[in-house]
Chemist: 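Here it is: the structure, laid out below.
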Amino acid sequence: TLVVVEIGGLARYTRRAMLEGLGQDFVRTAHAKGLAPLRVPLPAPCFPLPADLVADWRRVVRRSDRPHIGLVWAGDAQDPRSIGLAPLLPVIAGDGAGGGTVFIALQNNVAKAELLGCSLPDNLQDFGLQGLPNLAAIMMACDLIVSVDCGLAHLACTLGLECWVMVQRHCDWRWHLEGDRCDWYPRARVFRQAGQGDWSAVIGALEDALRLRFPAPAPIPAPAGAP
């Protein structure tokens with residue numbers, strides 16, 4: 001077992017080094033062609049969806065005019081890119097978004113079982129396991145996608161949606177090593193760990209950003225002369 005673990009660790013390290021090298025080559029090639037940072041060609045939304053499918057899911061998802069946020073909290077099982085659902089529950093409950101938002105669980109793998117293991121806020125909705133076209137249509141009904149670094153984050157970005165991506169300290173090369181922007185996804189915003197495995201700074205930054213992005217509605221003033 002120890003040998004397998006060591007080989008697995010070496011394989012992950014080698015893969016990360018190769019991906020970082022490829023990313024650096026990609027950016028160097030773009031720069032050699034006269035493209036400055038943030039001028040790398042960006043993909044247009046390239047996952048066509050039937051208009052009726054998008055409309056049908058929008059009617060299902062948008063049951064109120066409150067902001068709707070799609071949420072993905074895990075990649076593969078035991079993946080260091082995953083944050084898990086429990087640390088995000090205070091954010092979902094409204095601490096970070098003024099209490100006026102609806103969160104949609106987009107998790108589409110075994111990590112969806114985390115919904116069964118804790119007391120869930122009333123503003124967290126789930127529509128079950130869905131195929132990719134349905135999942136993409138649900139994303140299209142959201143105002144914002146918040147996701148860990150996984151395939152669903154890339155799907156949201158490819159659809160041209162606003163996507164906030166929570167990444168580990170030693171992240172995939174496509175999210176770069178610093179900064180909060182991504183060269184090829186113009187609507188992506190990156191939230192980074194300060195130290196490998198420590199999600200606290202990410203959660204804090206996410207809460208602050210949600211307060212600004214979706215401020216709490218102003219209280220309705222009482223009528224003049226009311227007691």
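Position 1 is the first residue of the sequence, and the numbers go up from there.
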Chemist: Just jot down the salt bridge (Lys or Arg N to Asp or Glu O under 4.0 Å) partners of D180, sequence neighbours excluded, or say none.
Modeler: none
Chemist: Centres of the W184 and H176 rings: under 6.0 Å?
Modeler: yes
Chemist: With a 4.5 Å limit on heavy-atom distance, are the side chains of L71 and L88 in contact?
Modeler: yes
Chemist: Would you please indicate yes or no on a ring centroid separation below 6.0 angstrom for W175 and W164?
Modeler: no
Chemist: When you compare the side chain of R174 with that of H154, does any pair of heavy atoms fall below 4.5 Å?
Modeler: yes
Chemist: Testing the basics here: between V61 and Q125, what is the closest heavy-atom pair and its distance to 0.1 Å?
Modeler: O-OE1, 4.3 Å
Chemist: Between H68 and F103, does the ring centroid distance fall short of 6.0 Å?
Modeler: no
Chemist: Please report the C-alpha distance between C118 and L89 in whole Å, then the side-chain angles of each, then the deciding distance to 0.1 Å, and finally whether the side chain to side chain contact (heavy atoms under 4.5 Å, CB included) criterion is met.
Modeler: CA-CA 9 Å; C118 52; L89 289 178; 3.8 Å; yes
Chemist: Any side-chain heavy-atom pair from V202 and V167 closer than 4.5 angstrom?
Modeler: no
Chemist: Is the backbone N or O of G100 less than 3.5 Å from a side-chain atom of R66, with the two atoms forming a donor-acceptor pair by type?
Modeler: yes
Chemist: What do you reckon, is CG of D122 surrounded by more than 12 foreign heavy atoms closer than 6.0 Å?
Modeler: no
Chemist: State which residues pass salt bridge (Lys or Arg N to Asp or Glu O under 4.0 Å) with R63; sequence neighbours excluded, sorted by chain then number.
Modeler: none
Chemist: For the side chain of R192 and the backbone of E178, is there at least one donor-acceptor N/O pair under 3.5 Å apart?
Modeler: yes
Chemist: Work out which heavy atom in D79 is nearest to a heavy atom in D76; give both atom names and the distance.
Modeler: CB-O, 2.9 Å
Chemist: What are the two closest non-hydrogen atoms of V148 and A153, and how far apart are they?
Modeler: O-CB, 3.5 Å
Chemist: Given 3.5 Å as the limit, does a donor-acceptor pair link the side chain of Q193 with the main chain of Q168, or not?
Modeler: no
Chemist: If you look at every heavy atom in W73 and L85, which pair is closest and at what distance?
Modeler: CD1-N, 3.4 Å
Chemist: Among residues at least two apart in sequence or on other chains, which ones pass side-chain hydrogen bond (donor to acceptor under 3.5 Å, both in side chains) with R213?
Modeler: E162
Chemist: Please list, chain by chain and in numerical order, all residues satisfying salt bridge (Lys or Arg N to Asp or Glu O under 4.0 Å) with D198, sequence neighbours excluded.
Modeler: none
Chemist: Hey, are the side chains of Q107 and N109 touching, using non-hydrogen atoms and a 4.5 Å cut-off?
Modeler: yes
Chemist: Got a donor-acceptor contact below 3.5 angstrom from the D149 side chain to the M166 backbone?
Modeler: no
Chemist: Could you list the donor-acceptor pairs under 3.5 angstrom formed between side-chain atoms of residues 128-141 and any protein atom two or more places apart in sequence or on another chain?
Modeler:
from: Q130; atom 1: OE1; to: N134; atom 2: ND2; distance (Å): 3.3
from: Q130; atom 1: NE2; to: F127; atom 2: O; distance (Å): 2.7
from: N134; atom 1: OD1; to: W57; atom 2: NE1; distance (Å): 3.0

Chemist: Using a 3.5 Å distance criterion without hydrogens, assess whether the side chain of S82 forms a donor-acceptor pair with backbone atoms of G75.
Modeler: yes
Chemist: Once side-chain hydrogen bond (donor to acceptor under 3.5 Å, both in side chains) is applied, what residue pairs with a partner in residues 137-146 remain, sequence neighbours excluded?
Modeler: R62-D143
Chemist: Inspect the contact between K112 and D126 and indicate whether a charged nitrogen and a carboxylate oxygen are less than 4.0 angstrom apart.
Modeler: yes
Chemist: I'd like to check C142 versus L161 (side-chain heavy atoms, cut-off strictly below 4.5 Å). Are they in contact?
Modeler: no
Chemist: Which atoms form the tightest heavy-atom contact between A105 and L115, and what is the distance?
Modeler: CB-CD1, 4.3 Å
Chemist: Do you know the tightest heavy-atom contact between A93 and N123?
Modeler: CA-OD1, 4.1 Å
